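Predicted model only: the values in this text are computed from it and were never measured. Heavy atoms only: backbone and side chains are in, while hydrogens, waters and symmetry mates are out. Sequential numbering from 1 along the given sequence is applied to the chain's residues.
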Amino acid sequence: MSSHAKAAEIPEDMQVQYWLAQLDQHGNATLVDGAHSTEQGAHRALYLFQALGLGKGDSYAVARVELIKAVPDGRDVNHDAVGIINRARAAGIPVQGGDDGR
């Protein structure tokens, strides 16, 4: 993001969302269907999943998600390591880590 671009604010009506969440064997949740404005919307989503024969045998929960604007915080970050990685990336040296492989 450009330093001149203004970060999008979170609309007040989207600060709290309810999602249908699939639970893995350890109880970890993966949000699966999309944001709902009420808990009931996520319950309806589960009904539709089951009515359509989706997710048979899977466990689900309703996740209440509160969106809070993220603000970068560089406290207690190893800035020397960040500098090394940035110089390596600028030199075209592959750096492992992150979801995109960089």
Side-chain angles (χ1 to χ4, degrees):
M1 182 167 81
S2 164
S3 61
H4 300 291
K6 184 174 188 250
E9 295 295 321
I10 300 167
E12 190 171 323
D13 63 340
M14 292 298 292
Q15 290 176 353
V16 175
Q17 303 173 351
Y18 297 88
W19 289 69
L20 182 61
Q22 184 178 12
L23 302 175
D24 70 11
Q25 65 211 21
H26 306 290
N28 297 312
T30 300
L31 306 179
V32 295
D33 70 318
H36 301 276
S37 59
T38 65
E39 182 181 334
Q40 188 59 40
H43 290 292
R44 285 190 193 107
L46 178 57
Y47 172 82
L48 291 171
F49 264 53
Q50 291 177 340
L52 296 169
L54 302 172
K56 288 186 180 188
D58 292 336
S59 295
Y60 291 94
V62 174
R64 182 183 187 275
V65 177
E66 182 175 1
L67 300 179
I68 300 167
K69 183 178 178 184
V71 179
D73 183 352
R75 292 177 290 183
D76 299 320
V77 170
N78 184 337
H79 294 282
D80 291 334
V82 171
I84 291 167
I85 291 168
N86 281 335
R87 285 189 297 278
R89 291 180 65 208
I93 299 170
V95 180
Q96 285 187 305
D99 292 337
D100 62 358
R102 289 190 277 173

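Looking only at side-chain heavy atoms (C-beta outward), Ile68 and Glu66 come within less than 4.5 Å of each other. No side-chain heavy atom of Asp73 sits less than 4.5 Å from a side-chain heavy atom of Val71.
Hydrophobic cluster membership is shared by Leu52 and Tyr60, with clusters built from Ile, Leu, Val, Met, Phe, Trp and Tyr side chains linked at under 4.5 angstrom. Hydrophobic cluster membership is shared by Val16 and Val62, with clusters built from Ile, Leu, Val, Met, Phe, Trp and Tyr side chains linked at under 4.5 angstrom. In this structure, Val65 is not a member of the same hydrophobic cluster as Leu20, with clusters built from ILVMFWY side-chain heavy atoms closer than 4.5 Å.
In terms of modelled atom types and a separation under 3.5 Å, the side chain of His79 and the main chain of Gly74 share a donor-acceptor contact.
Once rounded to the nearest 0.5 Å, the distance linking CD1 of Ile84 with CZ of Arg89 reads 14.5 Å. One distance of note links NE2 of His43 with OH of Tyr18; it measures 10.0 Å at 0.5 Å rounding.
Taking both residues in full, the closest heavy atoms of Ala45 and His36 are given as CB-NE2, 3.8 Å, listed atom of the first, atom of the second, then distance. In plain terms, the two heavy atoms of Trp19 and Ala42 that are nearest each other are C-CB, 3.8 Å. Nearest heavy-atom pair, Ile85 versus Val95, reported as atom, atom and distance to 0.1 Å: CG2-CG1, 3.8 Å.
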Hey, can you pull the donor-acceptor pairs under 3.5 Å for the side chains in residues 22-31, sequence neighbours left out?
unit_1	atom_1	unit_2	atom_2	d
Gln22	NE2	Asp58	OD1	3.4
Gln22	NE2	Asp58	OD2	2.8
Asp24	OD1	His26	N	2.8
Asp24	OD1	Gly27	N	3.0
Asp24	OD1	Asn28	N	2.9
Asp24	OD2	Asn28	ND2	3.3

